[in-house]
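This report concerns only the one structure given below.
Computed from a predicted model, the values in this text were never measured in an experiment.
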Amino acid sequence: MKLITAVVKPSRLDEIKTALRAGDINGMTVSEASGFGRQKGHTEIYRGAEYTVDLIPKVRLEILANDDDVDRIIGILVSAANTGNIGDGKIWVTPVDSITRVRTGERGSDAI
Amino acid sequence: MEINGADTAWVLMSGALVLLMTPSLAIFYGGMVRAKSTLNMMMMSFAAMGVTTIIWVIYGYSLAFGPDAGNGLIGDLSNLGLQGTIDQVVGGDGHQIPTLAFVMFQLTFAIITVALLSGAIADRTRFTAWVIFVAVWITLVYAPIAHWGFASQGGTGGWMIDRLGSLDFAGGTVVEMNSGAAALALAIVLGKRDGYRRDPMRPHNIPFVLLGAGLLWFGWFGFNAGSALSAGQLAATAMINTQVATAAAAMSWIAFEKIRDGKPTTLGVASGAIAGAVAITPSCGYVTPLGALAIGLLGGVASAWAVSRKYKWGYDDSLDVVGIHGVGGFVGMISIGLIGTKAVNAAGGDGLFISGDPSLLIKQTIASVATIAYSFIATWIIATVISRTIGFRVRREEEVTGLDTVEHAESAYDFTLHANR
């Protein structure tokens, strides 16, 4: 079992949701995030005073998956989140020791 | 004692319009500060409404508009508790209005003038100290200067309006330059906000700033056209001039920004509107609409340039009271000495460019310099005394936390994700 984490542009979220549903992936956690990377921030001006905004808003997606599904999910995420511009984000995968569904107590793959 | 109903109705309405300017200022200023101290910013305006009203009815009106005590410097105490004003009238023959209508109208000017000062000391002022400051400042600074500039008593009233003969229709000296000079003194005595020029201090809600500016624009018609104290030609002139100068300055400020910074900003258009309304305040009853256009265009650029001076000179006039009200008021006062014309107001004067005579310009300069000097010095002394005794600023860690929780046990917005679900 794996945890797929992706940090992507907020404007791609709807597209990603639709693509995951179409791919029969029925669970995802979304949280707001901000950060900096190769994409540069922007400058704002208030009464002539310049402020650099270098933390850029992103969304962080977390998806629990069976090992067999990981590559397919990454493929869905990449195609749905890609705009071709700097700042499209990153996806990484980490191993998961155990998963438990709170309502039923089911463990492992059954809980995904 | 014949009361003119039309004039009275307009002045009563104007009093209400000008009163609305102070809550509008609270919104205008409140949007410009950081979220952690926005309630405190608004609270300073509302406290100004409360404290000033109490003082005005007890003795403030008497000091400002009571019979002159001798030298044109201050009123006497004949109108303590507003005695001698009930059932009385003010105004010339055929244009008399109840004195109490005038008392109310002038009260709203006193309120907004002191409220304006709060913008210079945003995010760091101890609220109790502010309340005390308002009371002392209205007594020792506003009341005398209002007497100088507004108390017309047949040649024996305030020294600027009755003896010098300078022209100030709605408060370029009394309200605008007075607040600008006092704001500079306050900013210097209190010192900079923690993190000034190091941390970003972006306005937290610019739609608030625009709403506040729009409401101030609206209220300013009462401020300027109401200052005619009658509902006729002069009020109409003042109103159209106010509209023209405010609109022109909104555009000239953003044109200046576009050229200097590359982008016209919404904060700039709101600031420009206020700068234009300020510049036309003293001059709205003395210039033509085309004159108002010139004053607005100049006022917007002058203030847009002036607000950036604080970074060069190192004081933290947080919301630019000096650059907008001080500089805008000066532009308006001097412009009367240049392009004022009796063609729009027989009681006005002809400026240098109209008559070739510099005497009015000299009078305008004297009134301006006297107002700035007295206001700055007196405010500096008051602020220093408060600072050295009860303390004018909150502690540094309180400032970092934010004044809303520290001073008022409230917060403007519920930012916590998990509260009250």
Check: With a 4.5 Å heavy-atom cut-off, do B:Arg202 and A:Val53 have their side chains touching?
Finding: yes
Margin query: Suppose a student defines contact as a heavy atom less than 4.5 Å from any heavy atom of chain A. Which residues in residues 268-279 of chain B would they list?
Written below: B:Ser271
Notebook entry, point to check: Quick one: side-chain hydrogen bond (donor to acceptor under 3.5 Å, both in side chains) partners of B:Thr242, sequence neighbours excluded?
Noted result: B:Asn224
Note to self: For A:Tyr51, which atoms come within 4.5 Å of any heavy atom of chain B: side chain, backbone, both, or neither?
What the structure shows: side chain
Margin query: Check this for me: A:Arg21, atom CZ, are more than 12 non-hydrogen atoms of other residues, nucleotides or ligands nearer than 6.0 Å?
Written below: no
Check: Which answer fits A:Glu44, side chain, backbone, both or neither, if we ask what part of it has an atom under 4.5 Å from a heavy atom of chain B?
Finding: side chain
Item checked: Within residues 305-324 of chain B, residues adjacent to chain A where the heavy-atom gap is under 4.5 Å -> B:Val307, B:Tyr311, B:Leu319, B:Asp320, B:Ile324
Item checked: Interface residues of residues 21-32 of chain B facing chain A - heavy atom cut-off under 4.5 Å -> B:Phe28, B:Met32
Margin query: Are more than 12 heavy atoms, taken from residues, nucleotides or ligands other than B:Arg396, located less than 6.0 Å from that residue's CZ atom?
Written below: no
Margin query: Restricting to non-hydrogen atoms, name the atom on A:Ile45 and the atom on B:Thr265 that form the minimum distance, rounded to 0.1 Å.
Written below: O-CG2, 3.7 Å
Checklist line | Residue B:Lys192 excluded, over 12 heavy atoms near NZ under 6.0 Å | finding: no
